[in-house]
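First comes the structure, then the notes that go with it.
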Amino acid sequence: MGVLPVPAEVRAILLDIEGTTTPIAFVQETLFPYIKDNVKEYLRAHWEEEECQRDVGLLRKQAQEDSSLDGAVPIPLESGSGEEELERVIQAVVDNVHWQMSLDRKTTALKQLQGHMWRAAYATGHVKGEIFEDVVPAIRKWREAGMKVYIYSSGSVEAQKLLFGYSTEGDILELFDGHFDTKIGPKVESESYRRIAASIGCATNNILFLTDVPREANAAEEADTHVAVVIRPGNAGLTDDEKSYYSLISSFTELFLPSST
Ligand SMILES: CSCCC(=O)C(=O)COP(=O)(O)O
Ligand SMILES: [Mg+2]
């Protein structure tokens, strides 16, 4: 087992979810198929609700922005009433969601709808958020050492709270001091990490960001945030250059805090 000393100036640890706290397989083989299989039924059942209309409005706006992309699916406005017209628009939303998911897009519009759909899946016990076994004990230790702990995921804040609120380890939301999603900016843009630091009330170099994705690590590092790349079973492989450039950990227990005994 390796040991990665955490720089003394670090006051907060910022965690990615998929591939870092949670197996990619759980997201790809449980969470995403749930959306693909249930989106049509969900839209039919909730169409008249304000939240659902807001989600569709966001998806429509995103579809307009995406109109020049290969295979993009437009979402028309409902013109008139009637079952057939409603089905036509719902089918367009379904096709748009499937298209975005086929590209694993991280748009706020898609993530917002997914977060709302997962609510029922978690609340009924159909799904439990999977967490790697080293995660909870390590976070408890970091917190005892005075470290703040935050989440930054492309999944919406609502989806994050469901995953950790209904997890295989029980409700562990108390372990986090706050949550960030793509509303603060994309994870591959350095400005997002400056905004997160401002929101936490610290400098970017007071933060250590743990992620499985080198492009995200690179963006954080450009903002002068400390980074380590997390290697978990099922994660995408790293190039030799990435392996030699980044600090790597395969378990949270490998982080060594200056105050740890
Ligand atoms: C928060 S649960 C769903 C995860 C998700 O939708 C996703 O896109 C994962 O992105 P991450 O930034 O956590 O790698
Ligand atoms: Mg990730």
Side-chain angles (χ1 to χ4, degrees), residues 13-39 55 58-59 62 97-123 126-132 135 149-169 171-173 175-176 178-189 192-193 195-196 208-220 225 227-238 242 246 248-250 252:
I13 298 183
L14 183 64
L15 300 172
D16 163 64
I17 295 179
E18 184 186 13
T20 298
T21 63
T22 295
I24 287 182
F26 171 66
V27 176
Q28 301 291 333
E29 292 166 23
T30 299
L31 287 183
F32 287 176
Y34 178 88
I35 301 296
K36 289 180 191 151
D37 295 346
N38 292 287
V39 60
D55 290 346
L58 263 188
L59 284 165
Q62 182 65 48
V97 165
H98 281 228
W99 171 69
Q100 288 205 57
M101 291 187 72
S102 72
L103 301 173
D104 195 16
R105 297 194 74 210
K106 307 289 187 186
T107 64
T108 300
L110 175 64
K111 296 293 157 187
Q112 208 66 30
L113 173 74
Q114 289 177 337
H116 293 147
M117 284 187 62
W118 286 321
R119 215 157 33 200
Y122 283 105
H126 187 83
V127 163
K128 267 192 197 311
E130 283 182 30
I131 322 275
F132 287 110
V135 170
V149 182
Y150 296 86
I151 297 290
Y152 181 27
S153 169
S154 300
S156 67
V157 166
E158 189 162 3
Q160 298 172 21
K161 289 184 175 171
L162 288 167
L163 193 150
F164 294 114
Y166 295 93
S167 87
T168 47
E169 314 285 321
D171 179 351
I172 53 165
L173 283 171
L175 297 182
F176 305 111
H179 297 257
F180 300 96
D181 61 20
T182 53
K183 284 188 180 158
I184 202 117
K187 294 173 78 185
V188 292
E189 286 181 12
S192 305
Y193 299 86
R195 290 195 197 110
I196 287 173
L208 168 65
F209 177 48
L210 304 185
T211 180
D212 58 317
V213 177
R215 275 184 75 207
E216 295 173 4
N218 190 44
T225 293
V227 297
V229 172
V230 182
I231 297 174
R232 297 288 200 182
N235 283 8
L238 302 175
E242 287 164 348
Y246 290 110
L248 305 175
I249 58 168
S250 55
F252 285 6

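Just follow the structure's listing: the first ligand is 1, and inside any ligand the first atom is 1.
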Check: How far apart are the C-alpha atoms of L14 and L208, what are their side-chain angles, what is the distance that settles it, and do they pass the side-chain contact (heavy atoms from CB on, under 4.5 Å) test?
Finding: CA-CA 6 Å; L14 183 64; L208 168 65; over 6 Å; no
Note to self: Need the ligand 1 atom indices (1-based, order shown) with element for anything under 4.0 Å from a heavy-atom of S154.
What the structure shows: 8 (O), 10 (O), 11 (P), 12 (O)
Check: For atom 2 (S) of ligand 1, what is the nearest protein heavy atom, given as residue, atom name and distance?
Finding: L163 CD1, 3.7 Å
Next item on the list: Could you tell me the residue and atom name of the protein heavy atom closest to atom 6 (O) of ligand 1, and the distance to it rounded to 0.1 Å?
Entry: K111 NZ, 2.9 Å
Notebook entry, point to check: Has K36 got more than 12 heavy atoms of other residues, nucleotides or ligands less than 6.0 Å from its NZ?
Noted result: yes
Margin query: Is the contact between F32 and ligand 1 made by the side chain, the backbone, both, or neither, using heavy atoms and a 4.0 Å cut-off?
Written below: side chain
Notebook entry, point to check: So, are E18 and K106 salt-bridged, with charged N and O less than 4.0 Å apart?
Noted result: yes
Item checked: Closest protein heavy atom to atom 9 (C) of ligand 1, given as residue, atom name and distance to 0.1 Å -> E18 OE1, 3.1 Å
Check: Atoms of ligand 1 less than 4.0 Å from K187 heavy atoms?
Finding: 11 (P), 12 (O), 14 (O)
Check: Quick one: angle D212 OD1 - the Mg ion (ligand 2) - D16 OD2, to the nearest 10°?
Finding: 80°
Checklist line | Lys NZ or Arg CZ of R215 over Y246 ring: under 6.0 Å, within 45° | finding: no
Note to self: Measuring centre to centre across the rings, with the benzene-like ring taken for any Trp, is Y150 within less than 6.0 Å of F176?
What the structure shows: no
Notebook entry, point to check: With a cut-off of 4.0 Å, which atoms of ligand 1 are near a heavy atom of I17?
Noted result: 1 (C), 13 (O)
Margin query: Can you see whether Q114 engages S156 through a side-chain donor-acceptor pair at a distance of less than 3.5 angstrom?
Written below: no
Next item on the list: Would you mind listing which atoms of ligand 1 come within a distance below 4.0 Å of any non-hydrogen atom of G155?
Entry: 1 (C), 5 (C), 6 (O), 7 (C)
Note to self: Quick check: K106 and ligand 1, any N/O pair under 3.5 Å apart?
What the structure shows: yes
Item checked: Heavy atom of the protein closest to atom 13 (O) of ligand 1 (residue, atom name, distance) -> S153 OG, 2.7 Å
Next item on the list: Just give me the atom name: the N, O or S atom of E18 closest to the Mg ion (ligand 2).
Entry: O
Check: What's the verdict on side chain to side chain donor-acceptor pair (under 3.5 Å) for T182 and T108, showing C-alpha distance, side-chain angles and the deciding distance?
Finding: CA-CA 6 Å; T182 53; T108 300; 2.8 Å; yes
Notebook entry, point to check: Does Y152 reach ligand 1, in the sense of a heavy atom lying below 4.0 Å from it?
Noted result: no
Next item on the list: Give the residue and atom name of whichever protein heavy atom lies nearest to atom 14 (O) of ligand 1, and the separation in Å to one decimal.
Entry: D16 OD1, 2.9 Å
Notebook entry, point to check: For E216 and T211, what are the C-alpha separation, side-chain angles and deciding distance, and is it a side chain to side chain donor-acceptor pair (under 3.5 Å)?
Noted result: CA-CA 7 Å; E216 295 173 4; T211 180; 2.7 Å; yes
Check: Is the distance between the ring centroids of Y152 and H179 less than 6.0 Å?
Finding: no
